Amino acid sequence: MRLKDFFIPTQREIPSEAEVISHNLMLRAGFIMQVAAGIYNYLPAGLKIIRNVENIVRQCMNEAGAIELLMPSVIPSELWKESGRWSKYGKELLRIKDRHNREFCFGPTHEEVITDIVRKYIKSYKQLPINLYQIQTKFRDEIRPRFGLMRCREFIMKDAYSFDIDEEQCKLSYKKMFDAYCKIFDRMGLVYKVVEADTGAIGGNVSHEFMVIADTGEDTIIYCEACGYAANLEKAAVKYIEISEQKDREMPLEKVITPQMKTVKDVAVYLNVDESKVVKTLILKCGEKFYALLIRGDYELNLIKLKNTITGEMPEFATADEIKKITSGPMGFSGPIGLKIPIYADYSIKGLINFVTGANEKDGHFKNVNLGRDFEVCGFYDLRNAVEGDICINCGAAYKSAKGIEVGHIFMLGTKYSESMGAYFRDANGSLKPFIMGCYGIGIGRIVAASIEQNHDEKGIIWPIQISPFEVIIIPVNTNDPYVIEYSNRLYNSLKKLDIRVLIDDREERAGVKFNDADLVGYPIRVNIGKKSLENNELEVIIRKSNIMTKVNVEDAADTINTVICELKK
RNA sequence: CGGGAUGUAGCGCAGUUUGGUAGCGCACAGGUUUCGGGAACCUGGGGCCGGGGGUUCAAGUCCCCCCAUCCCGACCA
């Protein structure tokens with residue numbers, strides 16, 4: 001491609017809306033352009049990158065035996081009502097109406113549609129297993145889109161769905177996808193971790209997330225270097241450690257005045273105790289039922305764990321009015337003593353003595369509160385977020401934590417959709433069985449963003465060659481020198497003959513402009529063809545990543561570059 | 001959804017305090033000189049100052065309403 005005939009609108013100015021580096025660089029390199037909050041144009045070079053990522057994904061999926069199809073982005077509400085998700089899926093689901101006032105949604109995921117296909121055509125165990133996938137534009141009406149392609153509302157996703165005769169076969173399908181995902185992210189050159197995850201709104205029981213490690217990531221992952229355990233924050237288990245404080249040192253209960261001291265921090269500072277000696281009492285609501293949760297002041301409640309161990313449904317925090325009604329005290333002063341609703345406690349409370357809690361009245365707290373003596377709880381559970389330094393549930397070493405970008409997520413779904421939507425097949429005995437399903441997503445745009453987060457320097461992007469919009473850029477340095485132009489064109493044609501994805505910067509720009517643009521856009525290999533070096537019958541090959549420049553004889557140039565490309569692809 | 005901020009040329013911004021008919025840099029067009037890390041000079045084009053309503057002789061500037069975008073929060077108990 002000749003740059004004059006192509007379109008890469010690089011910007012010199014730093015876009016004011018871009019907070020994270022990948023967003024900033026994608027805007028400046030002319031890959032994307034914002035149309036609305038969380039909705040972007042993919043400009044030509046950006047599209048090339050997207051396509052490269054898609055093709056790697058596609059190739060690995062095909063190798064793993066998955067079959068590509070394409071489902072619509074607009075889906076009638078009927079299918080979603082069958083699965084029950086029309087009402088359960090929250091505001092993220094963009095619901096729209098056609099001219100006849102019929103309800104549709106813009107698909108955020110396609111379990112319903114794929115199940116509809118399979119239940120219609122797959123009738124026998126002989127047709128199984130099958131894994132169908134698509135690469136499609138999805139829409140999720142995120143509360144807060146941000147960080148460019150990292151969290152947008154409209155985004156491109158690869159989603160695959162497997163159908164099996166039983167759990168065991170499903171595990172095999174799941175494993176195949178697991179391995180395919182590893183291969184995909186390896187080929188992209190990404191540094192990632194696979195973590196255990198909660199299944200959330202999609203449903204099911206087993207789930208893994210593929211996390212690209214990056215400080216700008218929105219997710220927290222907890223991992224153990226000793227045994228390899230890794231999970232996201234929602235899932236990471238906290239091991240119960242016995243605290244052996246001496247029961248006989250219990251002191252008499254004491255009420256203290258704590259004017260305006262609403263937060264754990266306020267109270268701890270005011271009473272001159274450590275935050276870990278303040279126990280917070282959280283009032284949660286789940287349907288019509290209320291619960292009180294006790295957590296040590298320096299820890300955070302994990303709603304997902306609460307849902308999975310106690311409430312079953314996703315709980316919400318009670319409002320100020322509800323708290324007033326239930327505890328008879330204002331928000332900020334709740335405590336377990338005298339509460340009439342079920343009280344559950346995190347393990348962190350067990351064994352604690354002489355702690356501080358709210359007194360369920362304005363400006364009042366209790367000191368020297370003790371479990372058993374002053375109140376009782378229904379039980380102790382793991383209800384808090386793990387933190388760095390916690391003891392690994394597997395091996396006893398200390399957890400570490402890191403920020404990650406979720407680029408892939410795989411689930412074993414079981415029969416959630418097949419049963420609700422009546423998708424059954426005949427097994428070998430002739431009896432009707434629901435399909436055992438799995439689903440497997442990869443965020444294409446997110447991979448692009450994540451790749452930039454991991455591969456850039458102060459000048460711009462450093463593409464892994466597999467993803468780069470072009471493999472080589474040729475820069476004729478002196479555009480007024482006929483030899484420079486001639487040799488540039490000659491090399492360009494030779495590289496094209498070798499099927500190398502080559503771009504020649506034939507613009508009438510000064511060398512510095514071209515160099516800076518090349519560094520910004522991030523081509524892995526740059527070839528400078530200038531008057532000076534041509535006098536020695538040489539040109540310069542520069543590797544973007546290492547910034548190493550090699551002088552190469554013009555006659556050998558094409559072959560040398562081809563060799564370099566092969567090296568970089570390894 | 002709550003809080004904060006910002007909307008002025010394609011991009012980045014000043015001008016708003018104290019109302020008086022819109023400016024800078026980059027980009028763009030023409031010209032001269034330059035030409036291996038974002039050139040210099042000259043000339044030029046480009047704005048319903050986010051939208052609507054009001055106050056005023058006069059509004060980018062003051063008041064009201066709306067819209068959009070960005071940031072923070074949504075774990076305060």
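Values below: all heavy atoms of this structure, side chains included; hydrogens, waters and symmetry mates excluded. Note that the structure is a prediction, hence the values are computed from the model and not measured. Numbers restart at 1 for each chain; the letters A, B, ... are given by sequence-line order, proteins then strands.
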Problem set entry | Spacing of the C1' atoms in B:U21 and B:U16 (rounded, Å) | 16 Å
Problem set entry | Counterpart base for B:U55, defined by Watson-Crick or G-U wobble contacts under 3.5 Å | none
For this session: Kindly point out which of B:C75, B:C1, B:G38 is positioned nearest to the side chain of A:D517?
Result: B:G38
For this session: Could you check whether A:E540 gets within reach of a base, just the sugar-phosphate, or nothing at all, counting any heavy atom under 4.0 Å?
Result: base
Problem set entry | G-U wobble or Watson-Crick pairing nucleotide for B:G37 (cut-off 3.5 Å, both distances) | none
For this session: Determine whether the side chains of A:N489 and A:R2 contain a donor N or O and an acceptor N or O closer than 3.5 Å.
Result: yes
Problem set entry | Which nucleotide in B:G37, B:A39, B:G36 has an atom nearest any side-chain atom of A:N516 | B:G37
Exercise. In whole angstrom, what separates A:L27's CG from B:G10's C1'?
Worked result: 14 Å
Exercise. What interatomic distance, in whole Å, is found between P of B:G47 and the corresponding atom of B:U34?
Worked result: 36 Å
Problem set entry | Polar contact flag, side-chain donor to acceptor under 3.5 angstrom, A:T357-A:H365 | no
Seminar exercise, completed: Of B:A39, B:C75, B:G37, the nucleotide closest to the side chain of A:V513 is B:A39
Under-3.5 Å N/O pairs linking protein and nucleotides 11-14 of chain B:
| residue | atom | partner | partner atom | Å |
| --- | --- | --- | --- | --- |
| B:G12 | OP1 | A:S16 | OG | 3.3 |

Exercise. Do you see a donor-acceptor pair shorter than 3.5 Å between the side chains of A:N360 and A:S328?
Worked result: no
Exercise. Whom does B:C28 pair with, Watson-Crick or G-U wobble, provided both distances fall under 3.5 Å?
Worked result: B:G44
Problem set entry | Residue A:I323, side-chain heavy atoms: nucleotide from B:A77, B:G36, B:G38 that is nearest | B:A77
Exercise. Does A:N478 have a side-chain nitrogen or oxygen under 4.0 Å from the phosphate oxygens OP1 or OP2 of B:C35?
Worked result: no
Exercise. Base, sugar-phosphate, or nothing: which does A:F317 touch, judged by heavy atoms less than 4.0 Å apart?
Worked result: base
Exercise. Within the structure shown, what part of the strands sits under 4.0 Å from A:I283 by heavy-atom distance: base, sugar-phosphate, or nothing?
Worked result: nothing
Seminar exercise, completed: Rounded to whole Å, CG of A:D141 lies from P of B:C1 at a distance of 11 Å
Seminar exercise, completed: Ranking B:G36, B:C71, B:G37 by distance to the side chain of A:E19, first place goes to B:C71
Exercise. Do you know the tightest heavy-atom contact between A:N302 and A:E234?
Worked result: ND2-O, 3.2 Å
For this session: Quick one: sort the A:Y347 and A:Y240 rings into parallel, tilted or perpendicular, breaks at 30° and 60°.
Result: tilted
For this session: Output all residues satisfying side chain to side chain contact (heavy atoms under 4.5 Å, CB included) with A:T137, sequence neighbours left out; order by chain, then residue number.
Result: A:E154, A:I156
Exercise. Can you check the A:H23 NE2 to B:C71 P distance for me, whole Å?
Worked result: 8 Å
Exercise. Rounding to a whole Å, what distance do you find between A:K265:NZ and B:C75:P?
Worked result: 19 Å
Exercise. Considering only the C1' atoms, how many Å lie between B:C70 and B:G50, rounded to the nearest integer?
Worked result: 15 Å
Exercise. What distance, rounded to whole Å, do you find between the two C1' atoms, one in B:G20 and one in B:U56?
Worked result: 12 Å
Exercise. With a non-hydrogen cut-off below 4.0 angstrom, is A:Q34 in contact with a base, only sugar-phosphate, or nothing?
Worked result: sugar-phosphate
Exercise. Should the ring pair A:Y89 and A:W80 be called parallel, tilted or perpendicular, given that the plane angle runs from 0 to 90° and is split at 30 and 60?
Worked result: perpendicular
For this session: Could you tell me whether the side chain of A:R526 has a donor or acceptor atom within less than 3.5 Å of a complementary atom in the base of B:G37?
Result: yes
For this session: Provide, to the nearest angstrom, the distance between the CD1 atom belonging to A:I143 and the P atom belonging to B:C1.
Result: 11 Å
Seminar exercise, completed: pair_partner(B:C13), Watson-Crick or wobble, both distances < 3.5 Å, evaluates to B:G23
Seminar exercise, completed: Separation of B:A77 atom P from A:Y344 atom OH, nearest Å, is 22 Å
Seminar exercise, completed: Side-chain contact check for A:A36: nearest option of B:U69, B:A77, B:C35 is B:U69
For this session: Report the base-pairing partner of B:G2 (Watson-Crick or G-U wobble, both distances below 3.5 angstrom), or none.
Result: B:C72
Exercise. Can a salt bridge be assigned to the pair A:D215 and A:K403 using a cut-off of 4.0 Å between side-chain N and carboxylate O?
Worked result: no
Problem set entry | Nearest-nucleotide 5' precedence on RNA chain B, A:L282 against A:G38 | A:G38
Problem set entry | Identified pairing partner of B:U18, criterion: Watson-Crick or G-U wobble below 3.5 Å | none
For this session: Return the minimal non-hydrogen interatomic distance between A:E300 and A:K280, and the atom names on each side.
Result: CA-NZ, 4.5 Å
Seminar exercise, completed: The single option from A:Y492, A:W463, A:F6 that satisfies ring pair (Phe, Tyr, Trp, His ring centres under 6.0 Å) with A:F470 is A:F6
Exercise. Taking the same atom, P, in B:U61 and in B:U6, what whole-Å distance lies between them?
Worked result: 15 Å
Exercise. Looking only at atom P, what distance separates B:A9 and B:G46, rounded to whole Å?
Worked result: 15 Å
Problem set entry | Paired nucleotide for B:G7 [Watson-Crick or G-U wobble; both distances under 3.5 Å] | B:C67
Problem set entry | Distance-minimising heavy-atom pair for A:L503 and A:Y523 | CD2-OH, 3.3 Å
Exercise. How long is the line joining CZ of A:R151 and C1' of B:C70, in whole Å?
Worked result: 16 Å
Exercise. Reckon A:G358 touches a base, only the sugar-phosphate, or nothing at all at heavy-atom distances under 4.0 Å?
Worked result: nothing
Exercise. In whole Å, what is the span from the CE atom of A:M331 to the P atom of B:A74?
Worked result: 14 Å
Exercise. With rounding to whole Å, what would you report as the distance between B:G51 and B:A59 at their C1' atoms?
Worked result: 16 Å
Exercise. Looking at B:C71, B:C75, B:A77, which one has an atom nearest to any side-chain atom of A:F147?
Worked result: B:C71
Seminar exercise, completed: Out of B:C35, B:A39, B:G37, minimum distance to the side chain of A:N480 belongs to B:C35
For this session: Among B:A77, B:C75, B:C71, find the nucleotide with the atom closest to the side chain of A:R146.
Result: B:C71
Exercise. Contact class for A:T327 (heavy atom, under 4.0 Å): base, sugar-phosphate, or nothing?
Worked result: nothing
Problem set entry | Euclidean distance for P, B:U43 against B:C24 (whole angstrom) | 12 Å
For this session: Return the nearest nucleotide to the side chain of A:A37; candidates are B:G37, B:C70, B:A27.
Result: B:C70
Exercise. Toward the 5' end of RNA chain B, which comes first, A:G335 or A:R510, by nearest nucleotide?
Worked result: A:R510
